Amino acid sequence: MNYLNIDDENVIIQTSCFKSKNGTDEYHLMIKPKKSGSVEEHLSQVLVGYKKCLDQLKINIDTAMFQRYFTSDLINQADYIKSIIDTKKCAVSIIEQPPMPDKKLVFWAYHIVDENKTLNKSNGVADLVLERNGYKHFWNTNIESEDCDSFKQTDDIFVSYNDVLENNQLKMKNNVIRTWIYVRNVDNNYNGVVVARRELFEKYGLNKDSHFIASTGIEGRSTKPETLVSMDAYAIEGIKEEQVKFLQALDNLNPTHEYGVTFERGTSVEYGDRNHIFISGTASIDNKGEVVHPGDIQNQTIRTIENIEALLEDAKATLDDVSKFIVYIRDTADYNFVENYMNQNFNQTPYVIVLAPVCRPGWLIEIECIAVTENHNIDYNNF
């Protein structure tokens with residue numbers, strides 16, 4: 001992975017790039033305001049920094065596939081943000097997970113740059129569909145429900161998403177690679193999510209004897225006070241069963257179904273020229289499903305990274321292959337340690353730290369990441 005931090009007086013700009021021999025490169029950009037300010041100031045600084053970053057990397061804005069805005073107070077900020085940003089060029093996710101320590105918003109963008117110009121992007125059936133090399137990539141964002149509780153909202157979200165899949169001849173079991181499930185007041189509402197997802201997954205053929213889906217279930221708020229659950233999702237058409245591997249790292253972690261939840265620790269997708277590795281939200285847990293180092297942010301952070309490293313090893317990857325991290329913390333008082341740890345160990349890798357309590361109260365921190373490694377397999381089409 002190639003990393004580049006770009007100088008700017010108002011924002012921190014971190015970039016990663018997987019350079020491909022076939023001319024198709026992947027970029028992750030993380031842009032964070034340096035100082036306190038209003039949402040208007042921070043959004044302006046981020047967008048100016050984004051343009052500067054694209055110019056320096058010589059990337060066209062049309063190569064954007066996915067963007068996420070992490071915001072501090074979405075109900076009061078959404079109208080302004082949506083009036084400024086362009087939501088038509090790519091899939092755009094907006095979520096309230098306050099960026100630490102005192103930022104109104106932080107921005108993550110994913111770009112694919114193909115020197116052969118064979119990217120075919122469209123909207124309609126999803127927020128973005130990318131078609132190339134026999135694959136279709138579907139990004140859906142901010143899927144919500146207006147039902148009455150977290151169980152029914154989760155049920156409605158997955159049923160409506162499954163309808164979208166089936167209308168495109170896709171299946172939850174065969175094609176969905178990654179979900180992010182955001183839960184308002186996660187300590188009270190997460191159980192409804194767990195039960196509804198488990199029941200629906202069984203219906204769709206997803207169980208402990210088949211597989212689940214890589215996922216992060218975490219505190220997060222939408223634009224509407226009544227929304228308890230929302231979801232982003234990523235699916236692929238044209239992928240073969242043998243191209244997808246589910247990561248376990250059983251020396252470090254136990255299967256999730258043993259404590260009643262239904263997600264994969266991580267998923268690796270193999271293409272002819274590369275592997276995409278999606279590590280789910282990972283915490284300080286052992287291979288018996290127990291919280292390790294209760295109340296100790298320092299050792300929980302270290303154990304979390306050890307668990308991620310073990311999952312990456314299952315995919316024949318290392319921490320050097322990570323393209324971006326998202327770090328979730330429960331207590332603002334833990335920010336300084338976590339920031340110092342990330343800066344000391346991953347100062348080149350794009351990362352963001354947000355305030356977002358994890359689904360189990362004893363976990364003080366959760367981290368997810370994406371990694372990319374080179375591959376050579378003529379049995380599969382290139383990415």
Side-chain angles (χ1 to χ4, degrees), residues 1-5 14-22 24-30 65-66 68 108-113 130 135 137 139 176-180 211-216 218 232-236 239 243-253 263-283 301-328 341-343 345-353 365-377 380 382-383:
M1 193 66 59
N2 298 301
Y3 301 110
L4 175 66
N5 290 350
Q14 298 173 304
T15 75
S16 67
C17 177
F18 175 80
K19 302 289 281 186
S20 169
K21 293 179 181 179
N22 70 7
T24 303
D25 301 333
E26 297 179 74
Y27 291 82
H28 287 267
L29 320 175
M30 198 74 74
M65 302 294 146
F66 177 87
R68 181 173 292 155
W108 161 39
Y110 169 57
H111 286 247
I112 300 174
V113 178
L130 171 67
Y135 305 109
H137 305 266
W139 284 271
V176 180
I177 301 299
R178 182 70 163 92
T179 64
W180 292 264
H211 65 82
F212 301 116
I213 297 168
S215 186
T216 300
I218 198 81
D232 294 343
Y234 169 60
I236 309 171
I239 207 81
Q243 287 178 257
V244 182
K245 177 183 178 182
F246 302 101
L247 312 176
Q248 294 183 303
L250 293 177
D251 287 343
N252 285 60
L253 302 132
F263 72 94
E264 292 293 337
R265 300 288 188 190
T267 300
S268 177
V269 181
E270 182 179 5
Y271 298 95
D273 61 337
R274 70 194 70 188
N275 300 295
H276 283 174
I277 303 156
F278 300 90
I279 302 299
S280 299
T282 302
T301 303
I302 293 168
R303 174 68 186 202
T304 298
I305 291 295
E306 289 174 353
N307 287 343
I308 289 173
E309 192 169 19
L311 288 165
L312 290 170
E313 188 177 349
D314 255 13
K316 299 180 180 178
T318 72
L319 292 167
D320 292 335
D321 300 309
V322 172
S323 55
K324 66 91 192 170
F325 290 103
I326 301 176
V327 183
Y328 308 96
Y341 179 90
M342 294 299 295
N343 192 45
N345 293 277
F346 306 105
N347 66 318
Q348 294 296 311
T349 310
Y351 71 87
V352 60
I353 302 172
I365 185 169
E366 181 169 300
I367 303 175
E368 66 172 69
C369 67
I370 295 174
V372 188
T373 58
E374 190 173 347
N375 194 44
H376 305 280
N377 190 337
Y380 306 136
N382 290 344
F383 172 67

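Every heavy atom of this structure was used, including side-chain atoms; hydrogens, water molecules and symmetry mates were not. Quantities reported herein were computed from a predicted structural model and do not represent experimental measurements.
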Note, [X] side chain near [Y] side chain (heavy atom, < 4.5 Å):
X    : Y    : answer
R274 : N22  : yes
P350 : Y3   : yes
H276 : I370 : no
I326 : R68  : yes
R178 : T267 : no
Y234 : F278 : yes
L130 : W139 : yes

[X] (side chain) donor-acceptor with [Y] (main chain) under 3.5 angstrom:
X    : Y    : answer
T15  : L4   : yes
S268 : K245 : no
E264 : F212 : yes
E309 : L319 : no
D25  : V113 : no
E366 : A283 : no
T304 : I302 : no
D232 : W180 : no

If the condition is side-chain contact (heavy atoms from CB on, under 4.5 Å), which residues does E313 pass it with, not counting sequence neighbours?
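With sequence neighbours excluded, E313 shows a side-chain contact (heavy atoms from CB on, under 4.5 Å) to no residue whatsoever.
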
Verify side chain to side chain contact (heavy atoms under 4.5 Å, CB included) between V269 and I239, making sure each step is shown before the conclusion.
CA-CA 9 Å; V269 181; I239 207 81; 3.5 Å; yes

Got a sec, which residues hit ring pair (Phe, Tyr, Trp, His ring centres under 6.0 Å) with F325, two or more places apart in sequence or on another chain?
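F325 satisfies ring pair (Phe, Tyr, Trp, His ring centres under 6.0 Å) with F346 once adjacent residues are dropped.
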
Which atom pair, heavy atoms only, marks the closest approach of [X] to [Y]?
X    : Y    : result
L312 : A371 : CD2-CB, 3.9 Å
M1   : V372 : CE-O, 3.9 Å
N347 : N5   : O-ND2, 3.3 Å
A249 : D314 : N-OD2, 2.9 Å
S280 : T216 : C-OG1, 4.1 Å

Take the angle between the ring planes of Y271 and H137 and call it parallel below 30°, perpendicular above 60°, tilted in between.
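Answer is tilted, since the angle falls between 30° and 60°.
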
Atom pair [atom1] ([X]) and [atom2] ([Y]), whose distance is rounded to the nearest 0.5 Å:
X    : Y    : atom1 : atom2 : value
D321 : E374 : CG    : CD    : 10.5 Å
L29  : C17  : CG    : SG    : 9.5 Å
I112 : F66  : CD1   : CZ    : 12.5 Å
Y380 : E270 : OH    : CD    : 5.0 Å
I353 : I365 : CD1   : CD1   : 7.5 Å
K316 : N375 : NZ    : CG    : 9.0 Å

Taking 4.0 angstrom as the limit, do E368 and K324 come out as a salt bridge?
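Counted as a salt bridge, because a side-chain N and a carboxylate O are separated by less than 4.0 Å.
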
Does the side chain to side chain contact (heavy atoms under 4.5 Å, CB included) test come out yes or no for H211 and F263, once each step is laid out?
CA-CA 8 Å; H211 65 82; F263 72 94; over 6 Å; no

Stepwise side chain to side chain contact (heavy atoms under 4.5 Å, CB included) test for I367 and N307
CA-CA 10 Å; I367 303 175; N307 287 343; over 6 Å; no

Let's go through V244 and I236 carefully: what are the C-alpha distance in whole Å and the side-chain angles of both, what is the deciding distance for side chain to side chain contact (heavy atoms under 4.5 Å, CB included) to 0.1 Å, and is it a yes or a no?
CA-CA 11 Å; V244 182; I236 309 171; over 6 Å; no

Regarding Y110 and E26, is there a side-chain donor-to-acceptor distance under 3.5 Å anywhere?
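Per modelled atom types, Y110 and E26 side chains form a pair under 3.5 Å.
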
Is there a donor in the side chain of E306 and an acceptor in the side chain of N252, or the other way round, less than 3.5 Å apart?
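Their side chains do not contain a donor-acceptor pair, so the 3.5 Å distance test is not met.
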
